[in-house]
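Data block below; observations after.
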Amino acid sequence: MSRERLYLFDTTLRDGAQTNGVDFTLHDKQIIAQMLDDLGIDYVEGGYPGANPTDTEFFSDKPKFESAKFTAFGMTRRPGRSASNDPGLAALIEAKADAICFVAKSSAYQVRVALETTNEENLASIRDSVSAAKAAGREVMVDCEHFFDGYKENADFALACAKAAYDSGARWVVLCDTNGGTMPHEIETIVGAVITHIPGSHIGIHAHNDTEQAVANSLAAVRAGARQIQGTLNGLGERCGNANLCSLIPTLRLKKEFSDAFEIGVTDEKLTTLMKVSRTLDDMLNRAPNRHAPYVGESAFVTKTGIHASAVMKDPQTYEHVLPELVGNHRKVLVSDQAGRSNVMAELDRAGITYEKSDPKLARLVEELKEREAAGYAYESANASFDLLARRTLGRVPEYFKVEQFDVNVEQRYNANGQRITVALAVVKVDVAGERLISAAEGNGPVNALDVALRKDLGKYQKYIEGLKLIDYRVRILNGGTEAVTRVLIESEDENGDSWITIGVSPNIIAASFQALMDSVVYKLVKSGAPA
């Protein structure tokens with residue numbers, strides 16, 4: 001059975017750039033654009049040339065894509081101007097791009113209120129702009145802004161805008177749920193009506209996520225006949241974001257309704273890089289990944305309770321709708337206060353720790369985990385600390401060094417410029433194979449000072465921790481009052497880019513932090529195969 005081609009249009013670098021707190025540099029845009037091309041995206045919208053210096057420079061040279069079409073975004077000609085006398089339109093045509101995506105109003109209300117012009121002038125603007133871009137040899141798309149709201153208000157005018165674009169030569173007429181308030185059944189009904197006037201092979205969908213239905217709305221449009229989907233990586237976008245391509249792509253490839261009917265540019269091989277692509281974007285934006293994101297989230301294939309874990313170990317399909325490896329993720333059985341032997345054994349397997357099923361130490365490890373979680377530890381969030389606890393219980397972690405004493409002082413003083421500053425000083429005494437080493441360090445806080453002092457000199461083990469660095473530090477108060485118990489999570493990274501999380505719990509925040517710091521250093525030594 002032949003499959004229809006379904007096209008993917010990424011607007012991460014344009015619509016995604018409107019996300020609160022997101023500000024792409026030119027270098028960011030270049031890296032992300034190449035990453036999208038490598039993934040197999042059909043259209044990469046790079047931004048709005050002429051709107052800002054970064055986008056203008058980005059479009060001064062066309063990226064060397066393998067298959068994606070580099071797309072410039074901009075407005076149709078302004079009301080009252082000709083196509084040949086509109087600077088914005090000129091900037092679009094001059095941009096080094098394969099395609100141009102115009103945004104045009106398709107709601108009579110928006111034309112009247114936002115543009116303050118007439119319906120006839122709006123239609124003329126669409127026709128003139130598409131014709132000018134076609135004459136310049138560009139593939140042309142028109143984003144019909146506010147289409148679904150406009151259709152419900154005045155269907156004839158909304159359709160007239162779409163037809164003006166198509167009849168003038170637009171390759172794609174993209175129907176936009178700009179305010180994100182349209183329901184999936186409405187999308188399906190309206191798209192179905194539109195394709196009686198314009199072939200579905202020329203219709204696209206651009207859905208916003210204001211009712212948490214952008215992905216569902218995009219799929220509803222495909223069911224109704226649309227053959228292009230616009231979206232962003234990780235659902236970036238203004239307000240609540242856009243349709244999330246990291247959810248749409250695997251659904252299109254792995255769910256039979258779509259995989260049997262459609263072909264997309266993302267191959268099975270490239271699908272296995274999806275989680276890495278998602279994480280790379282978050283890393284570039286210095287954002288914590290959404291651990292609960294479908295398919296690519298850290299918790300997407302996590303099992304916590306003992307009964308579920310036991311079933312997953314027998315057959316993953318009992319609690320998984322697809323294999324995690326297909327999207328570059330992996331199965332994880334959490335070790336928690338609900339843990340049973342199945343959870344623990346699965347996590348030991350994941351960590352590569354050998355064990356005997358009949359070993360009574362396994363039962364001891366399960367009980368130890370439950371006791372520690374009752375005290376405030378959360379090993380489901382601290383993979384490295386679980387690894388060390390398991391190894392210690394099974395008797396397999398050398399005592400590389402022993403901390404005999406640490407001391408931290410915090411003081412406020414005036415610096416040489418007469419500014420009042422706060423400085424922390426830490427001193428750590430360690431015993432390494434009988435050799436006593438004392439290190440001192442200043443930091444901008446007590447934990448930073450301790451971290452620097454602990455890693456300053458570990459004698460023969462120093463070379464193994466040279467690439468170790470702390471990249472995140474999180475504190476949670478577990479109960480109220482002045483004697484509150486504190487949980488500290490520390491994320492560390494090594495020279496290879498591998499990261500891990502360790503945990504400490506104590507009524508004293510410094511003690512909790514030091515536990516987590518110690519576990520991080522010891523885990524690095526174990527990971528590096530440091531000799532005892």
field: Short side-chain to backbone donor-acceptor contact, Asp494 and Gly497, under 3.5 Å
entry: yes
Arg3 charged N/C atom sitting above Phe262 aromatic ring, 6.0 Å / 45°: no
message: Checking the side chain of Thr502 only, and the main-chain atoms of Ala516 only, is there a donor and an acceptor separated by less than 3.5 Å?
response: yes
query: Does Arg127 reach the main-chain N or O of Ala165 with its side chain, forming a donor-acceptor pair under 3.5 Å?
result: no
Residues Asp498, Lys527: salt bridge by 4.0 Å N-O rule: yes
field: Asn244 side chain to Leu248 backbone, donor-acceptor under 3.5 Å
entry: no
task: Establish, for the pair Arg171 and Tyr7, whether the NZ or CZ atom is under 6.0 angstrom from the six-membered ring centre and no further than 45 degrees off its axis.
output: yes
task: Answer yes or no: is there a donor N or O on one side and an acceptor on the other, between the side chain of Asp86 and the main chain of Arg78, under 3.5 Å?
output: yes
- request: Decide, yes or no, whether a salt bridge links Arg5 with Asp42 under the criterion of side-chain N to carboxylate O below 4.0 Å.
  value: yes
query: Can we say Lys134 and Glu139 salt-bridge, meaning some charged N sits less than 4.0 Å from an Asp/Glu carboxylate O?
result: no
query: Is Thr267 reaching over with its side chain to a backbone N or O of Lys270, donor-acceptor style, under 3.5 angstrom?
result: yes
Short side-chain to backbone donor-acceptor contact, Ser82 and Asn85, under 3.5 Å: yes
Donor-acceptor contact below 3.5 Å, side chain Glu45 vs main chain Thr12: no
Side chain Thr196, main chain Ala193, donor-acceptor under 3.5 Å: yes
- request: Give the ring-plane orientation class for Trp172 versus His202, where under 30° counts as parallel, over 60° as perpendicular and anything between as tilted.
  value: tilted
- prompt: Is it true that Phe102 and Phe73 have ring centroids separated by less than 6.0 Å?
  reply: no
message: Is it the case that the side chain of Asp10 and the backbone of Gln230 share a donor-acceptor pair, with hydrogens and angles ignored and the cut-off at 3.5 Å?
response: no
message: I'd like to know if Lys469 and Glu491 make a salt bridge, using a cut-off of under 4.0 Å between side-chain N and carboxylate O.
response: no
